[in-house]
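Below is one structure; the comments refer to it alone.
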Amino acid sequence: MSPARPLWTSTATELIALLRSGELSATDLTRSLLDRIEEVEGDVRAFITLTPEVALAKAKAVDDARARGEDPGPIAGVPVAVKDIIATRGVRTTAGSKILHNYVPPYSATVADRLEAAGLPMLGKTNLDEFAMGSSTENSAWVPTHNPWDLDRVPGGSSGGSAAAVAAGEAPWSIGTDTGGSIRQPASLSGVVGLKPTYGLVSRSGLIAFASSLDQAGPFARTVADVALLLGVMAGHDPRDATSLPNPVPDYSAGLAGGVKGLRIGVVSQLMGEGVQSGVRTRIEESIALLTKLGAEVGEVSLPTFDLGIDVYYLIAPAEASANLARFDGVRYGLRVDAEDIVKMNSRTRAEGFGAEVKRRIMLGTYALSAGYYDAYYGKAQKVRTLIIRDFARAYENYDVLLSPTSPTTAFGIGEKTQDPLTMYLSDVCTVPTSLAGATAISIPCGVAPEDGLPVGLQLMGKALDEATILRAAYALEQELGPMPHPLLWGEPS
Ligand code: GLN
């Protein structure tokens, strides 16, 4: 690594090498990232809460262990940023909502515990759309996060803070959650790598619930190899989550370089049609040509039920949200707006505590679940969900991996879609099918769109628990594509 290159431009893998060889201490690394945050955070606003003391204490523990001759673990010392919907003991966790503005959890999510056990200093809690409902991070009760490629644009959402922090060099990697696309879509719009794990691979214990049959936490980083490393730390059975899978966790890094020779890749025609920005299509088609050149067998596959993905998702996710958000009642935690009786207290607390999009979802979900409408809406949505799962299964008879853009467009302007929720919901058209099927998918940057110079994300979808295959294909494509241009905030590449 050239000494002229600042530390914050390094990947986690590069930093691990420096830490393990003793050339760099975890404390110096953490300090330098805190300096980087100080430098750009005023523009980016990726964080709701910064936790420098927590990060430096952990960094010191890692350095002390090394000084004693102990091994603090293979990836110890590389700082991480964590989405503020993941409970962290003793550190305020707001879910981007006023209703949890003062909530300090008495316990940590299993995911947060695992990062801690792996020796990763936590830099802070990142911004998100309130309760992860949104595609732009503009639904945060705090501030919108700005895209490091163009500060007038959104970073995507709902994990926009986690994506922007990585894109801006504030953290080499971070954690987000994905219910219908909230890791993949911001990864795409911010030009970083993001993976949504198979439902049940990563524990949901301590994730503030949005839609329980869909929510999954997953990693962001600037390279596929880094995402593979971080996923390995997060994944694995957890007795505290009844839907956690017992399967052993493979070594995701081991098979990365296996290549794509003979890999059967299906390009989903429903996700390449109308509504896809021309520069997005150009870059995706170029990547398809590269994969073919590398020996993949690429074909086109039609999955007709994917056209219904958005409709199904926007019934099931709000229905589950309406039930999950009933717990915010002003009694147990968070905001309380006092009133003369408990019913009034409860309704005033919720009226003041929730933002407009959250209220919209609670109303949609309550309606879809109510007597007389349940069969027509929620019941029907569940049936179509099954049809989507069957469409995937049929496609996997002939293909190993499915391919599409991650988002039909590059990053849109701040304020551009806030008045039109339906247009905003369409941002998720490529990502919701995988979520509904409980399977896995990754988004990787595949260049910038010629018309706006903004990053384009390519999505590779895999069978449930087949993270290894999509990681391998993503790695092959990433190597072939070569280095991505840097966002504006990186300045001139040295
Ligand atoms: N944008 C989608 C929504 O608003 C997905 C959000 C998510 O995955 N958390 O629901």
Side-chain angles (χ1 to χ4, degrees), residues 83-86 95-97 126-140 144-145 154-163 174-190 194-199 202 204 207-220 309-322 324-325 354-365 368 381 385 406-409 411-412 416-418 420-443 457 459 461:
K83 186 178 184 180
D84 203 24
I85 200 161
I86 295 171
S97 181
T126 57
N127 199 16
L128 67 155
D129 289 298
E130 186 175 4
F131 288 104
M133 297 176 189
S135 306
S136 67
T137 318
E138 292 164 293
N139 294 337
S140 167
T145 296
V154 304
S158 66
S159 313
S162 292
S174 65
I175 305 293
T177 61
D178 190 312
T179 301
S182 277
I183 292 174
R184 291 161 285 161
Q185 187 260 12
S188 175
L189 270 50
S190 300
L195 183 141
K196 179 247 180 250
T198 302
Y199 184 79
V202 176
R204 286 184 301 111
L207 263 54
I208 296 174
F210 163 11
S212 303
S213 76
L214 298 158
D215 298 342
Q216 266 293 291
F220 286 98
I310 290 283
D311 307 64
V312 170
Y313 173 83
Y314 278 97
L315 284 166
I316 292 177
E320 294 182 13
S322 71
N324 273 326
L325 270 55
F354 289 137
E357 182 61 27
V358 173
K359 287 178 184 159
R360 183 178 298 123
R361 307 267 180 127
I362 293 172
M363 286 188 280
L364 283 171
R385 183 177 191 175
T406 307
S407 157
T409 68
F412 44 91
E416 198 180 311
K417 298 193 182 181
T418 37
D420 186 356
L422 285 181
T423 314
M424 190 73 95
Y425 295 172
L426 285 174
S427 302
D428 310 319
V429 63
C430 303
T431 51
V432 291
T434 296
S435 302
L436 290 164
T440 183
I442 189 170
S443 177
Q459 177 178 236
M461 295 166 260

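Just so you know, ligand 1 is whichever comes first in the structure, and atom 1 is the first atom listed for that ligand. No hydrogens, no waters, no symmetry mates; every other heavy atom, side chains included, goes into these values. All residue numbers refer to positions in the sequence shown, counting from 1.
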- Task: Heavy-atom contacts with S158 under 4.0 Å: which atoms of ligand 1 show up? List them by number with element.
- Result: 9 (N)
- Message: Keeping S162 on the side-chain end and I175 on the backbone end, is there a donor-acceptor pair under 3.5 Å?
- Response: yes
- Task: For atom 2 (C) of ligand 1, find the nearest protein heavy atom and state the residue, atom name and distance (0.1 Å precision).
- Result: D428 OD2, 3.1 Å
- Message: Measuring from non-hydrogen atoms of A317 to any atom of ligand 1, is the shortest distance under 4.0 Å?
- Response: no
- Query: Do the side chain of Q459 and the main chain of C430 share a donor and acceptor less than 3.5 angstrom apart?
  - Reply: yes
- Query: Does S159 use its side chain to pair, donor to acceptor, with the backbone of G176 at less than 3.5 Å?
  - Reply: no
- Message: Quick check against the 3.5 Å criterion: does S435 have a side-chain atom that pairs as donor or acceptor with the backbone of T179?
- Response: yes
- Item | Backbone or side-chain N or O of K83 under 3.5 Å from ligand 1 N or O | no
- Quick one: do V358 and I362 satisfy side chain to side chain contact (heavy atoms under 4.5 Å, CB included)? Show the steps, please. CA-CA 6 Å; V358 173; I362 293 172; 4.0 Å; yes
- M424 near ligand 1, heavy-atom distance under 4.0 Å? no
- ligand 1 atoms in contact with F210 (distance to a heavy atom under 4.0 Å): 9 (N), 10 (O)
- State, to 0.1 Å, how close T440 and K196 come at their nearest heavy-atom pair, and which atoms those are. OG1-O, 2.7 Å
- A student checking ligand 1 against A132 at a 4.0 Å heavy-atom cut-off should list atoms 6 (C), 7 (C), 9 (N)
- Query: Considering only heavy atoms from C-beta outward, does the side chain of E138 approach that of K417 to under 4.5 Å?
  - Reply: no
- Task: Can you sort out which atoms of ligand 1 are near G134, meaning under 4.0 Å from one of its heavy atoms?
- Result: 1 (N), 2 (C), 3 (C), 4 (O), 6 (C)
- Note on the structure: Tested for side chain to side chain donor-acceptor pair (under 3.5 Å) against N127, the lone hit among T145, D84, T137 is T145
- Task: Could you tell me whether D178 and ligand 1 have an N or O pair separated by under 3.5 Å?
- Result: no
- Message: Are any of the N/O atoms on G181, whether in the backbone or the side chain, positioned under 3.5 angstrom from an N/O atom of ligand 1?
- Response: yes
- Identify, by atom number and element, the atoms of ligand 1 in contact range of Y314, meaning under 4.0 Å from any of its heavy atoms. 1 (N), 2 (C), 3 (C), 4 (O), 10 (O)
- Item | N/O donor-acceptor pair under 3.5 Å between S182 side chain and S158 backbone | yes
- Query: Applying a 4.0 Å heavy-atom criterion (strictly less than), which segment of E357 is in contact with ligand 1: side chain, backbone, both, or neither?
  - Reply: neither
- Which bit of Y313 is near ligand 1, meaning a heavy atom under 4.0 Å away: side chain, backbone, both or neither? side chain
- Message: How far is atom 6 (C) of ligand 1 from the closest protein heavy atom, and which atom is that?
- Response: S182 OG, 2.8 Å
